[in-house]
Amino acid sequence: MKRHKIHWISLAKTTEVADGQTILDAALDNEVDLNHACGGFCACTTCHIYVKEGAANLSVMDEEESERLEYKDGRTTESRLSCQSKVHGDIAVVIP
């Protein structure tokens with residue numbers, strides 16, 4: 001199975017993730033403290049992250065994720081919900 005790297009900039013930590021796995025699942029599998037109040041069902045925005053490198057290596061943002069982020073304080077063009085972002089290549093992220 002193809003593996004990719006996630007560099008957690010704010011933690012100075014790099015972990016591996018299987019192709020197609022979400023950033024949230026990778027965080028949970030690697031003991032990275034990432035809030036996720038709704039359990040990863042795109043019902044909140046607590047798993048909001050900033051993708052600093054490799055945004056093109058993530059799944060395309062769907063309408064539901066976009067709508068959730070629309071009202072998120074601190075949203076930027078780098079914002080994604082980790083529960084909805086499937087990894088298909090190396091990325092670097094910041095947890096706000």
Side-chain angles (χ1 to χ4, degrees):
M1 177 176 281
K2 192 167 185 177
R3 312 262 318 153
H4 308 292
K5 293 183 193 274
I6 299 177
H7 180 62
W8 307 90
I9 297 170
S10 45
L11 305 174
K13 179 177 184 173
T14 300
T15 60
E16 287 195 350
V17 58
D19 187 67
Q21 188 174 21
T22 67
I23 295 171
L24 177 59
D25 286 340
L28 295 173
D29 288 349
N30 290 283
E31 299 178 2
V32 171
D33 188 20
L34 181 55
N35 289 331
H36 55 287
C38 75
F41 293 101
C42 199
C44 70
T45 58
T46 58
C47 70
H48 171 244
I49 47 113
Y50 298 109
V51 180
K52 296 296 187 177
E53 295 175 25
N57 293 331
L58 294 175
S59 56
V60 175
M61 185 184 304
D62 66 18
E63 187 176 338
E64 185 177 16
E65 179 183 3
S66 179
E67 287 175 3
R68 289 274 180 243
L69 282 171
E70 189 173 327
Y71 302 103
K72 177 68 179 164
D73 289 338
R75 179 185 185 191
T76 72
T77 57
E78 298 174 329
S79 292
R80 290 296 304 261
L81 295 180
S82 65
C83 69
Q84 300 300 299
S85 304
K86 294 180 181 176
V87 182
H88 298 292
D90 295 347
I91 60 170
V93 301
V94 170
I95 301 169

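Because the structure is a prediction, the values reported are computed rather than measured.
- Within the structure, the ring-ring contact (aromatic ring centres under 6.0 Å, His included) test picks out no pair touching residues 1-38 (sequence neighbours left out).
- Between C42 and C83, the closest heavy-atom pair is N-SG, 3.7 Å.
- If you chain together hydrophobic residues whose side chains sit under 4.5 Å apart, I6 and I9 never meet in one group.
- One hydrophobic cluster, built from ILVMFWY side chains closer than 4.5 Å, cannot hold both V51 and L81; they sit in different ones.
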Distance-only donor-acceptor hits, side chain of residues 87-96, under 3.5 Å, sequence neighbours excluded:
unit_1: H88; atom_1: ND1; unit_2: D19; atom_2: OD1; d: 3.3
unit_1: D90; atom_1: OD1; unit_2: K5; atom_2: N; d: 2.8

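- Legend: salt bridge (Lys or Arg N to Asp or Glu O under 4.0 Å) pairs involving residues 29-56, not counting sequence neighbours, sorted by first then second residue: K52-E78.
- With sequence neighbours excluded, the residues forming a side-chain contact (heavy atoms from CB on, under 4.5 Å) with S79 are H48, Y50, L69, R75, T76, listed by chain and number.
- At a threshold of 4.5 Å between side-chain heavy atoms, the hydrophobic network of Ile, Leu, Val, Met, Phe, Trp and Tyr places L28 and V32 in one connected group.
- Residues in residues 35-45 take part in no salt bridge (Lys or Arg N to Asp or Glu O under 4.0 Å) pair, two or more places apart or across chains.
- Closest approach of T46 and A37 over heavy atoms only: OG1-N, 2.8 Å.
- Partners of D73 according to the side-chain contact (heavy atoms from CB on, under 4.5 Å) rule, which considers only residues two or more places apart in sequence or in another chain, do not exist here.
- When atom types are taken as modelled, the side chain of S82 and the backbone of C47 share a donor-acceptor pair closer than 3.5 angstrom.
- The hydrophobic cluster containing M61 does not contain I23, counting ILVMFWY residues as joined when their side-chain heavy atoms lie under 4.5 angstrom apart, directly or transitively.
- Atom-to-atom distance recorded for K86:NZ and D25:CG is 9.5 Å, nearest 0.5 angstrom.
- Sequence neighbours left out, not one pair with a member in residues 38-49 passes salt bridge (Lys or Arg N to Asp or Glu O under 4.0 Å).
- The shortest non-hydrogen separation linking C38 to A43 is SG-N, 3.4 Å.
- Cluster note: M1 groups with no other residue, as no ILVMFWY side-chain heavy atom lies under 4.5 Å from it.
- Each salt bridge (Lys or Arg N to Asp or Glu O under 4.0 Å) pair with one or both residues in residues 59-71, not counting sequence neighbours, appears once here: E65-R80.
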